[in-house]
Amino acid sequence: MPDKPERDKPWVMRTYAGHSSAAESNSLYRRNLAKGQTGLSVAFDLPTQTGYDPDHELSRGEVGKVGVPIPHLGAMRRLFQDIPLETMNTSMTINATAMWLLAMYQVAAEEQGVDPAQLSGTTQNDIIKEYLSRGTYVFGPAPSLRLTTDMIAYTVSTIPRWNPLNICSYHLQEAGATPTQELAYALCTAIAVLDAVKDAGQVPPEEFENVVGRISFFVNAGVRFIEEMCKMRAFKQLWDEITRDRYGVQDPKMRRLRYGVQVNSLGLTEAQPENNVQRIVLEMLGVTLSKDARARAVQLPAWNEALGLPRPWDQQWSLRLQQVLAFESDLLEYDDIFEGSVVIEPKVAELVEGARAEIDRVQAMGGAVSAVESGYMKQALVGSHAERRARIESGEMLVVGVNSYTETEPSPLTADLDTAIMASDPQAGANASDDDVAWREQRDQSAVDEALNRLQGEAKGDTNLMEATLEAVRAGATVGEWAGALREVFGEYRAPTGVSGVVGVAEAGAELTAVRERVRQTGDDLGTRLRFLVGKPGLDGHSNGAEQIAVRARDAGFEVIYQGIRLTPAQIVAAAVAEDVHCVGLSILSGSHMELVPDVQKAMVEAGIGDVPLIVGGIIPESDARTMEAAGVAAVFTPKDFGMTTIMDRIVDEIRKANDLPL
């Protein structure tokens, strides 16, 4: 018999997980590890990500929803209880508060008897993409880059196996980036950070190669898996060029592109969600088929993420998809199967050329930070996303079960939608707030005050802030106190929305033309142009949907008021009153709609605008939508409502009904 081919080692297999509480998430992690998962990927809730304690006003409805609340060291201990951190590879999706979470992780590991030098894992820590897509930034670009460079300088000497920066193009694609934009903007971010590390002077020149070698990437992979695989080959080539030519890195190992991936969530559909399984498998192929550009770590979403929070069984299904590919197929027995391809290599060259041109364009503006502050990159992403939406609506881009092949048999997977997803613990917020109070009561407040004073003092200078942060962790400070202390020094920041100047539809078809006429006629009937406010209450920073609605509303003839993310209900209602709007629209994707929508409704009544129609969009279970409509919400839209012009028409209906005008 011929010799059995030697198989490559499979990639690290993770599931992005965390919810409700540290104890419940710990139980989930240990079950997943027992099923063959080989690393952890921690999802933190929005208050933890944005530097607020569970009892803060902006945390209402957000605690434990999109991840686990970890405000202090006690919670971090519970999160990793009975999980040996010296052998675990842990990825933490955390950005603005990454320094705080890494410090807590280090102290929790030390309490397990682990030397920090043994720790391996990743903090995402890519703040630039937060301004462009995900919205969990706290501080402006300059102080945020300072925190990033401090972490890099600290880890390269103290936690040398740690990846302190995971440049994240994943969310760029979710925000609408083309493959060329995803490549260019991620690499421009890497250049900005590496230049900042060099300029900070904390890392000796002879150790700079080690910094480059610990930079990793976190990418997206869409269903066009051939193009996505070419994108990763282009990524590898460009990163090798940049690290060699710009930074003089001689060791090929230090120039190697190291990346993990979560495949595309933007393309997951609420309609016929069972189709998402094959989408996920195809997307996984884009980052595993090519040995020369294969991911080092893969995490897959669940089939039902467009419906709500996946259950443990759903996450297991996604893990099994990886395991079947890695252990049953012959994929890992072969060298790169695309080397020399006359189809693949020209496509890679095309992507490289396009990305180089866009990198040069951004660098000519002064680099990634300047392109963020000017709004250039954000506007480019909003424009690309608008073009994608227009192709879906026109039928040029087919999405099975959404705009084509929509006839379907009843699905047993979604026969009971309320049990097809997992409900987060409704007491998570109250429990986390009670835990926070108990934590504060048992600590030495004078030690906390001293540590936070040190942090603020060093933040005003140029001292590396990791040691002061570690002192605050050990003293018992909370994430809200740490971030609050730095807010007093660094201030807060609001990024450009990218909405102004973007044309969503270059040429209006018959449907949009008809809606424009209805908007004009209704404005004439009311004696004023129709004004529509788009609001993002709470801490949900995923603004892509809100931005697209704002762009389409403007295309339809509305005057649009959109002030960006992270607003309180009171701020949204105050803007509605000041602008005398005819309709208020809320976008909520974090699952906090059942708390925040009633708060907005109450504030509207108290402000005397209770008769203004309120509409809501987001990932909202059908039962919640029915409840909100029964409570007076005019309309609820979910991902299945992909026709934005149809949504505009419905908004006109609601405005006319509210003003006793005939439909």
Side-chain angles (χ1 to χ4, degrees), residues 10-45 48-49 64-68 70 79-85 87-94 101 105 120-124 163 166 168 170-171 174 216 218-221 259-268 273 276-277 279-288 295-327 420-424 591 619:
W11 52 89
V12 175
M13 299 181 190
R14 295 187 176 119
T15 303
Y16 183 52
H19 67 93
S20 299
S21 70
E24 290 187 59
S25 298
N26 171 268
S27 175
L28 176 62
Y29 295 162
R30 288 188 286 110
R31 293 200 307 273
N32 285 346
L33 291 168
K35 294 170 184 173
Q37 187 172 300
T38 54
L40 291 177
S41 180
V42 182
F44 296 101
D45 73 351
T48 302
Q49 293 184 50
K65 287 285 173 63
V66 302
V68 57
I70 305 293
L79 187 65
F80 292 106
Q81 186 174 342
D82 299 323
I83 296 175
L85 296 184
T87 60
M88 187 52 53
N89 188 302
T90 303
S91 172
M92 294 191 281
T93 300
I94 198 71
L101 271 298
Y105 189 82
S120 62
T122 302
T123 37
Q124 193 167 101
N163 302 320
N166 194 219
C168 184
Y170 173 88
H171 293 95
E174 296 290 293
S216 61
F218 187 71
V219 308
N220 204 326
Y259 79 95
V261 63
Q262 170 152 326
V263 304
N264 189 282
S265 294
L266 177 65
L268 301 183
N276 293 331
V277 176
R279 292 185 179 107
I280 290 167
V281 171
L282 291 171
E283 291 162 355
M284 176 171 53
L285 293 179
V287 292
T288 55
R296 293 198 168 200
V298 176
Q299 57 194 47
L300 302 181
W303 68 277
N304 56 350
E305 285 195 13
L307 304 175
L309 188 66
R311 302 159 297 186
W313 183 86
D314 305 313
Q315 293 189 330
Q316 175 183 295
W317 192 356
S318 291
L319 175 62
R320 296 293 186 245
L321 296 178
Q322 294 199 57
Q323 291 168 331
V324 168
L325 179 63
F327 302 120
I421 56 175
M422 188 174 77
S424 58
I619 299 175

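Predicted, not measured: the structure shown is a model, and the values here were computed from it. For this chain, numbers begin at 1 and follow the sequence in order.
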Find the distance between [atom1] ([X]) and [atom2] ([Y]) and round it off to the nearest 0.5 Å.
X: Leu300; Y: Asn264; atom1: CG; atom2: CG; value: 12.0 Å
X: Leu101; Y: Phe44; atom1: CG; atom2: CZ; value: 4.0 Å
X: Gln262; Y: Ser91; atom1: CD; atom2: OG; value: 10.0 Å
X: Phe218; Y: Thr93; atom1: CZ; atom2: OG1; value: 6.0 Å
X: Lys35; Y: Gln316; atom1: NZ; atom2: CD; value: 4.5 Å
X: Ile70; Y: Met92; atom1: CD1; atom2: CE; value: 10.5 Å

Closest heavy-atom contact between [X] and [Y]?
X: Ile421; Y: Gly308; value: CG2-N, 3.8 Å
X: Asp314; Y: Ala420; value: OD2-O, 4.1 Å
X: Tyr29; Y: Ile83; value: CB-CD1, 4.0 Å
X: Met422; Y: Pro312; value: SD-CD, 4.0 Å
X: Gly591; Y: Lys65; value: O-NZ, 3.2 Å
X: Trp11; Y: Ala295; value: CB-O, 3.5 Å

Do [X] and [Y] make a side-chain contact, defined as non-hydrogen atoms from C-beta onward lying under 4.5 Å apart?
X: Ser25; Y: Leu79; value: yes
X: Leu33; Y: Leu40; value: yes
X: Leu325; Y: Thr288; value: yes

**Request:** Walk me through it: do Gln315 and Thr15 pass the test side-chain hydrogen bond (donor to acceptor under 3.5 Å, both in side chains)?
**Result:** CA-CA 7 Å; Gln315 293 189 330; Thr15 303; 5.5 Å; no
**Message:** Test side-chain contact (heavy atoms from CB on, under 4.5 Å) on Thr123 and Tyr105; report intermediate values, then the result.
**Reply:** CA-CA 11 Å; Thr123 37; Tyr105 189 82; over 6 Å; no
**Request:** Could you label the plane-to-plane angle of the Trp317 and Trp303 rings as parallel, tilted or perpendicular, counting under 30° as parallel and over 60° as perpendicular?
**Result:**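 Judged by the thresholds at 30° and 60°, the geometry between Trp317 and Trp303 is tilted.
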Quick check against the 3.5 Å criterion: does [X] have a side-chain atom that pairs as donor or acceptor with the backbone of [Y]?
X: Glu305; Y: Ala302; answer: yes
X: Asn26; Y: Gln81; answer: yes
X: Ser216; Y: Tyr259; answer: no

**Item:** Partner residues of Arg296 under the salt bridge (Lys or Arg N to Asp or Glu O under 4.0 Å) criterion, sequence neighbours left out
**Value:** none
**Message:** Checking Ile280 against Leu268 for the side-chain contact (heavy atoms from CB on, under 4.5 Å) test, could you report, in this order, the C-alpha distance in whole Å, the side-chain angles of both residues, the deciding distance, and whether it holds?
**Reply:** CA-CA 9 Å; Ile280 290 167; Leu268 301 183; 4.1 Å; yes
**Request:** Report the residues that fulfil side-chain hydrogen bond (donor to acceptor under 3.5 Å, both in side chains) with Glu174, sequence neighbours left out, ordered by chain and then residue number.
**Result:**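 Result, side-chain hydrogen bond (donor to acceptor under 3.5 Å, both in side chains) vs Glu174: Asn220.
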**Request:** Verify whether one side chain among Arg14 and Asn89 offers a donor that lies under 3.5 Å from an acceptor in the other.
**Result:**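 A pair is found: one side chain offers a donor N or O, the other an acceptor, under 3.5 Å apart.
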